[in-house]
Number of protein chains: 2
Amino acid sequence: MARAAKKKANETPEKTTRIQEINRRLILDAALDVFSTYGFRGTTIDQIAEKAGMSKPNLLYYFPRKQNIYVTLLEETLAEWLAPLAEIDPEGDPIEQLRKYITLKINMSESHPEASRLFANEVLHGAPAISDFLSKHLKPLVDEKATVIRRWVGEGKLAPIDPYHLIFMIWATTQHYADFDVQVRAIMGNQVGRPGFREQTAQAVLSIILNGIRPRAV
Amino acid sequence: MARAAKKKANETPEKTTRIQEINRRLILDAALDVFSTYGFRGTTIDQIAEKAGMSKPNLLYYFPRKQNIYVTLLEETLAEWLAPLAEIDPEGDPIEQLRKYITLKINMSESHPEASRLFANEVLHGAPAISDFLSKHLKPLVDEKATVIRRWVGEGKLAPIDPYHLIFMIWATTQHYADFDVQVRAIMGNQVGRPGFREQTAQAVLSIILNGIRPRAV
DNA sequence: CTGCATTTTGACCAAGTAGTCAAGTTTTTG
DNA sequence: CAAAAACTTGACTACTTGGTCAAAATGCAG
């Protein structure tokens with residue numbers, strides 16, 4: 001008890017035990033599943049606890065508030081979700097860099113749709129938990145890359161397009177396949193699960209963004 | 001009492017009184033606001049009632065279940081939301097038709113963002129209330145227009161692109177400005193509200209979809 | 001104006017859910 | 001191998017919230 005109090009009083013997290021590490025991971029994994037499907041309000045702690053295979057009080061031992069789980073999850077996810085943008089190389093070939101970025105985002109949308117949905121849901125509801133993150137981390141990063149893209153345009157290496165709208169377009173399009181999965185499935189049917197669907201999608205998206213839909217000279 | 005029972009037993013809705021018409025409208029308008037912001041689970045009947053300026057039991061007199069309000073709203077909204085797609089004219093000029101469609105969607109995103117968010121939220125959560133609608137109404141319509149676009153491609157009037165992915169891309173991009181409004185604002189700041197922003201957006205989106213981002217011969 | 005139908009609401013209930021707690025069990029440590 | 005720390009949980013509380021109900025107020029047709 002005395003030690004525990006001391007631990008909380010200290011500024012550094014002291015240490016995490018083996019059990020803590022395992023259980024926090026179990027909880028966060030379960031929570032990602034549930035939150036991304038039902039949203040914050042739509043999710044109950046009991047649901048997460050059951051999925052994580054532990055009792056509710058036990059779960060609350062690790063995350064005293066529902067909100068804590070949610071915020072932790074968002075922070076973990078956002079960093080990962082943003083990483084590809086940071087990797088755009090200002091010195092690389094513009095078309096090649098953007099092609100890589102788009103491909104990466106489509107792959108992420110397919111491999112981690114829950115992360116995309118968690119984020120989409122949060123932003124859709126006004127980003128109450130992460131509006132700070134958006135202005136403090138996302139905006140500067142986007143501004144930086146927008147400058148790069150604008151320079152590329154100036155150098156004649158890209159058509160004269162607005163960098164911000166281009167970035168939004170890439171996000172919107174790639175994340176659409178995760179966020180609106182049900183709709184995509186309702187329309188394209190069983191094609192969606194099939195092997196090669198991701199490649200076909202990437203190809204289609206890249207073709208439009210790179211070349212547009214106007215007929216081109218053969 | 002006898003009359004009321006008769007009314008419910010009849011197959012046709014008989015009649016709606018003036019008061020009914022007014023109050024149902026008040027409720028639906030209030031509900032659109034609240035549901036689109038907080039989602040189904042995140043919305044309480046009390047919130048809607050307050051916004052509609054009536055007591056909760058009174059609201060429940062018009063819509064006996066929370067779910068009823070939600071479904072009514074979705075049905076009303078969906079038809080309107082889909083209309084522009086139906087208007088694509090198979091006999092028109094392809095580029096002109098798609099340009100019109102995209103412009104219309106961007107305008108709708110700005111003028112009715114709540115409708116877009118309501119729909120986005122529903123689909124994001126697996127479309128429990130409208131999966132039927134998606135397969136029975138949306139899919140056929142999209143299939144029909146996809147056939148038209150495919151024909152246009154065949155006639156050399158469009159670059160060889162997959163019609164389904166093109167449609168998804170248009171949806172994703174245009175609705176992004178409504179659904180992810182907070183994020184767009186966090187990044188583009190006060191530009192967003194300014195007059196001309198919508199036109200600038202439309203111009204940027206059209207430019208990329210029509211011509212792509214590759215530098216073009218001058 | 002009168003009586004019936006429609007509309008409105010305060011008070012209430014039952015279910016669900018976030019979070020507490022005290023008492024137990026397991027793990028770690030000296 | 002104790003004893004302390006860390007972990008676990010059944011039972012519980014407080015509160016929110018969807019929905020009910022009976023009675024009152026209002027609207028309206030004849």
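Every chain is numbered from 1, with letters handed out A, B, ... down the list of sequences. None of the values given here were measured: they were computed from a predicted structure.
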| query | Does the pair A:Glu96 and A:Arg99 meet the rule for a salt bridge (Lys or Arg N to Asp or Glu O under 4.0 Å), with working shown? | reply | CA-CA 5 Å; A:Glu96 209 37 60; A:Arg99 181 197 299 276; 3.7 Å; yes

| query | Hey, does the side chain of A:Gln175 reach the backbone of A:Ala172 with a donor-acceptor pair shorter than 3.5 angstrom? | reply | no

| request: Report the distance from atom CD1 of B:Ile22 to atom P of C:dT8, rounded to the nearest whole Å. | output: 9 Å

| query | Got a sec? Which of residues 29-37 of chain A come in under 4.0 Å of DNA chain C, heavy atoms? | reply | none

| If the sugar-phosphate is the primed atoms plus P, OP1 and OP2 and the base is the rest, what is the B/S/- string for nucleotides 9-20 of chain C, using protein heavy atoms under 4.0 Å? | BBB-----SBBB

| Got B:Arg185 and B:Gln191 here, is their nearest side-chain heavy-atom distance under 4.5 Å? | no

| Expected output: side-chain B:Thr174 to main-chain B:Ile170 donor-acceptor under 3.5 Å | yes

| Residue pairs, two or more places apart or on separate chains, that pass side chain to side chain donor-acceptor pair (under 3.5 Å) and touch residues 119-129 of chain B | A:Asn121-B:His125, A:His125-B:Asn121, B:Tyr70-B:Glu122

| said: I need the CG-C1' distance between A:Asn23 and C:dT26, as an integer number of Å. | reply: 13 Å

| Between B:Tyr70 (OH) and D:dG19 (P), how many Å, whole number? | 15 Å

| remark: Heavy atoms of B:Ala120 and B:Asp179 approach each other most closely as CB-OD2, 3.5 Å

| Side chain of A:Asn68, backbone of A:Arg65: donor and acceptor closer than 3.5 Å? | yes

| said: Quick test of your reading: applying salt bridge (charged side-chain N to carboxylate O under 4.0 Å, His left out), list the pairs with at least one residue in residues 43-60 of chain B, sequence neighbours left out, ordered by first then second residue. | reply: B:Asp33-B:Lys51, B:Asp46-B:Lys56

| field | nucleotides 22-30 of chain D: protein proximity per nucleotide (B base, S sugar-phosphate only, - neither; heavy atom, under 4.0 Å) | value | ------S--

| request: Output yes when at least one side-chain N/O atom of A:Gln20 is less than 4.0 Å from OP1 or OP2 of D:dA6, else no. | output: no

Pull out every protein N or O sitting under 3.5 Å from an N or O of nucleotides 13-15 of chain D, one pair per line with the distance.
none

| query | Are side-chain N/O atoms of B:Asp143 and B:Tyr164 paired as donor and acceptor at under 3.5 Å? | reply | yes

| Whether A:Phe168 and A:His165 hold their rings parallel, tilted or perpendicular, with breakpoints at 30° and 60° | perpendicular

| For atom CZ of A:Arg24 and atom P of D:dT8, their distance in whole Å | 13 Å

| message | Does this structure show an ion pair linking A:Glu76 with A:Arg25, if we count only N-O contacts that are shorter than 4.0 Å? | response | yes

| Minimal non-hydrogen separation, A:Ala178 against A:Arg117, with atom names | O-NE, 3.0 Å

| Sub-3.5 Å donor-acceptor pair from the side chain of B:Lys100 to the main-chain atoms of B:Ile88, do we have one? | no

| task | Select base, sugar-phosphate, or nothing to describe what B:Tyr62 touches, counting heavy atoms under 4.0 Å on all strands. | result | sugar-phosphate

